[in-house]
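Read through the structure below, which is laid out as structure tokens, and then see the notes.
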2 protein chains.
Amino acid sequence: MPSTDASVEQRLRTAALELFAEQGYDATTVEAIAARAGVGRTTFFRTFDSKEAAVFPDHELVLEDVAARLRAAGPGGSRAAVVEAAMLVLSHYLADGEVARTRYRLTRTIPALRQREIAGLHRYQRLFGDFLNGPGADLVGAAPDADARQLRAEVAAAAIVTTHNHVLRRWLRHDLDDPSPVLERALDDVVDAIAVRPAEQRAAVLVVRSRADLDAALPEIRRVLGDP
Amino acid sequence: MPSTDASVEQRLRTAALELFAEQGYDATTVEAIAARAGVGRTTFFRTFDSKEAAVFPDHELVLEDVAARLRAAGPGGSRAAVVEAAMLVLSHYLADGEVARTRYRLTRTIPALRQREIAGLHRYQRLFGDFLNGPGADLVGAAPDADARQLRAEVAAAAIVTTHNHVLRRWLRHDLDDPSPVLERALDDVVDAIAVRPAEQRAAVLVVRSRADLDAALPEIRRVLGDP
DNA sequence: GTTTCTGATGGTACTCAGTTCCACTGACAG
DNA sequence: CTGTCAGTGGAACTGAGTACCATCAGAAAC
């Protein structure tokens with residue numbers, strides 16, 4: 001048994017990435033990956049569900065982290081929770097950035113990997129959507145009915161995940177040195193525009209000074225705003 | 001050669017759906033599908049890229065339709081184009097609704113099909129996103145820079161596709177009888193809230209009658225609005 | 001020290017999706 | 001009648017993924 005210094009999983013991961021880079025994805029057999037890692041083919045499939053899985057991070061782990069951060073949100077804390085949860089995902093990618101970039105190169109090229117990548121992203125969207133539609137979240141505001149609320153939650157989740165992916169992709173392409181503050185700003189903007197429905201939650205108050213004093217004007221203001 | 005009444009592709013499609021319903025997806029071999037359709041295994045793989053493909057519609061066709069509608073958008077017509085394009089997708093699903101519902105049942109159950117479904121949806125998102133980021137579209141408004149514009153386009157595309165999927169899913173679940181008007185209203189709402197950035201493109205004008213006439217007031221109004 | 005249990009491993013054999021190649025058939029034109 | 005051509009079926013192959021079993025190292029029990 002050669003080189004037990006790294007874990008079997010790690011050895012398999014690096015062997016897979018190396019061979020995919022050298023020979024291409026299709027031309028690389030699972031047997032070859034296992035051989036380079038110094039283990040049997042059986043061990044490969046005991047470690048990973050499929051050949052593709054050797055390329056991707058353990059989404060379960062990240063998803064659990066994100067779910068925990070969302071669960072920790074108190075009343076009124078939905079916005080912060082969502083933003084921080086998205087940045088948590090980013091930080092997981094940045095944690096081993098070289099691997100992330102290698103994976104990006106592969107997923108752009110190989111359809112099978114691309115498909116799995118997209119499906120993976122969708123799980124985050126589901127998670128965010130379920131949270132935003134849940135009773136603990138107040139980001140999407142009051143909706144006329146339960147279905148409208150769910151739609152808004154799904155749209156907001158899609159917007160958040162899309163924003164995250166956009167910023168991440170820029171970093172993967174070396175368009176960006178420090179993506180975290182960029183993501184934070186972008187999420188702030190997006191959440192402003194999307195999650196909260198401006199027409200419902202904001203009221204613009206325009207003050208016009210006149211000779212009449214406030215008390216005299218108040219009843220009229222009340223009438224105009226349709227005070228219930 | 002038995003039953004040449006329907007096209008080979010159609011016979012294979014129905015055979016596949018029948019067998020998946022009877023025996024389950026994994027338990028059904030391609031050979032069995034081909035046999036029921038009265039053709040050879042070779043012909044199956046000449047017709048479809050994979051076993052999964054027999055379940056899904058020809059996305060290429062729909063994508064081309066949608067792309068054509070988007071291309072046809074004139075200046076100022078981005079909003080209508082996007083809404084109509086999304087409704088075009090819906091109408092394709094409704095065209096043979098029974099198959100769509102059967103497929104929905106399968107995609108919810110079988111992971112392999114689910115993954116392909118999600119990947120398929122992503123192609124529509126790409127298409128919408130590219131259009132909204134293109135030079136012909138004016139839905140996302142003026143952005144500080146090219147990257148911000150692209151982000152907005154991607155977010156808007158995600159919102160549109162998510163909305164479409166939400167309404168479609170409701171119809172697939174028999175939550176809805178006539179989904180088209182529902183989708184149209186929902187898209188209107190979503191596009192209002194998302195694509196156009198209210199703070200940038202809308203200016204509220206409040207008119208206060210005073211004794212001074214308009215000409216006298218105009219310079220002052222110009223100054224306040226920061227007329228360039 | 002010996003036994004025994006346990007967990008991880010490697011090997012073998014199998015199924016089946018997907019590919020490649022070739023032979024056949026029927027239609028149609030010359 | 002002959003050549004061509006498109007569509008088809010069959011046979012053989014590769015490789016992913018699964019199932020089963022034998023093995024072995026180490027820890028625990030006696």
Side-chain angles (χ1 to χ4, degrees), chain A residues 1-56 58 106-107 109-117 119-120, chain B residues 1-56 58 106-107 109-117 119-120:
Chain A
M1 268 163 243
S3 59
T4 323
D5 37 283
S7 78
V8 171
E9 183 186 327
Q10 263 316 308
R11 292 210 315 270
L12 282 168
R13 290 201 121 98
T14 56
L17 290 181
E18 284 171 15
L19 285 168
F20 293 162
E22 292 170 17
Q23 319 176 337
Y25 180 78
D26 287 327
T28 303
T29 67
V30 169
E31 194 148 18
I33 299 171
R36 178 167 296 201
V39 298
R41 208 179 81 101
T42 313
T43 299
F44 179 94
F45 283 111
R46 215 177 273 119
T47 312
F48 300 109
D49 285 342
S50 65
K51 182 179 169 183
E52 305 152 22
V55 173
F56 292 96
D58 191 349
L106 287 171
T107 52
T109 317
I110 296 108
L113 297 181
R114 184 180 194 77
Q115 193 167 323
R116 196 185 171 109
E117 166 82 359
Chain B
M1 267 165 242
S3 57
T4 324
D5 37 283
S7 77
V8 172
E9 182 185 327
Q10 263 316 307
R11 292 211 315 271
L12 282 168
R13 289 201 121 98
T14 56
L17 290 182
E18 285 171 14
L19 285 169
F20 292 162
E22 293 170 16
Q23 318 175 339
Y25 180 78
D26 287 328
T28 304
T29 67
V30 169
E31 192 147 20
I33 299 170
R36 177 167 297 200
V39 299
R41 206 177 83 101
T42 312
T43 300
F44 180 94
F45 282 112
R46 215 177 272 116
T47 313
F48 299 108
D49 285 342
S50 66
K51 182 179 169 184
E52 304 151 21
V55 172
F56 291 96
D58 191 349
L106 287 170
T107 52
T109 316
I110 296 106
L113 297 180
R114 183 180 194 77
Q115 192 168 323
R116 197 187 170 106
E117 166 84 359

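The figures that follow rest on heavy atoms only: side chains count, while hydrogens, waters and symmetry mates do not. Below, read A as the first sequence line, B as the second, and so on, with proteins coming before strands; counting in each chain starts at 1. Just so it is clear, the structure is predicted and the values come from calculations on it, not from any experiment.
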Atom-pair distance ([atom1] on [X]; [atom2] on [N]), nearest Å:
| X | N | atom1 | atom2 | value |
| --- | --- | --- | --- | --- |
| B/D49 | C/dG18 | CG | C1' | 10 Å |
| B/F44 | D/dG7 | CZ | P | 18 Å |
| B/D26 | D/dA19 | CG | C1' | 15 Å |
| B/F48 | D/dT8 | CZ | C1' | 16 Å |
| B/L19 | C/dA17 | CG | C1' | 16 Å |
| A/F45 | C/dC14 | CZ | C1' | 14 Å |
| B/L12 | C/dG18 | CG | P | 14 Å |
| A/I33 | D/dG15 | CD1 | P | 12 Å |

For this session: Describe the nucleic acid contact of B/T47 in one word from base, sugar-phosphate, nothing, applying a heavy-atom distance below 4.0 Å.
Result: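 Answer is nothing: B/T47 stays at 4.0 Å or more from every strand.
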Problem set entry | Sugar-phosphate only, base, or nothing, as touched by A/T42 at under 4.0 Å among non-hydrogen atoms | base
Exercise. Does B/K51 reach the main-chain N or O of B/F45 with its side chain, forming a donor-acceptor pair under 3.5 Å?
Worked result: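 Pair absent, no side-chain N/O of B/K51 close to backbone of B/F45.
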Exercise. Under 3.5 Å, is there a donor-acceptor pair between the side chain of B/T43 and the main chain of B/V39?
Worked result: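 Answer holds: no.
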Exercise. What are the two closest heavy atoms between A/F44 and A/S50, and how far apart are they?
Worked result: CE2-O, 3.7 Å
For this session: Take A/V30 and A/R46, find for each the nucleotide of DNA chain D with the closest heavy atom, and name the residue whose nucleotide sits nearer the 5' end.
Result: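 That would be A/V30.
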Exercise. Would you call A/E22-A/R36 a salt bridge at under 4.0 Å N-O?
Worked result: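 Here A/E22 pairs with A/R36 in a salt bridge, since their nearest N and O are under 4.0 Å apart.
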Seminar exercise, completed: Side-chain contact check for A/T29: nearest option of C/dG10, D/dA16, D/dG9 is D/dA16
Exercise. A/V8 has a side chain; which of C/dT9, C/dA17, D/dG9 sits nearest to it?
Worked result: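 Comparing C/dT9, C/dA17, D/dG9 against the side chain of A/V8, the answer is C/dT9.
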For this session: Establish whether the base of C/dG18 is bridged to the side chain of B/R41 by a donor-acceptor pair shorter than 3.5 Å.
Result: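 Looking at the base of C/dG18, it does pair with a donor or acceptor on the side chain of B/R41 (distance under 3.5 Å).
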Problem set entry | Residue pair A/T28 / A/Q23, side-chain donor-acceptor N/O under 3.5 Å |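 A pair is found: one side chain offers a donor N or O, the other an acceptor, under 3.5 Å apart.
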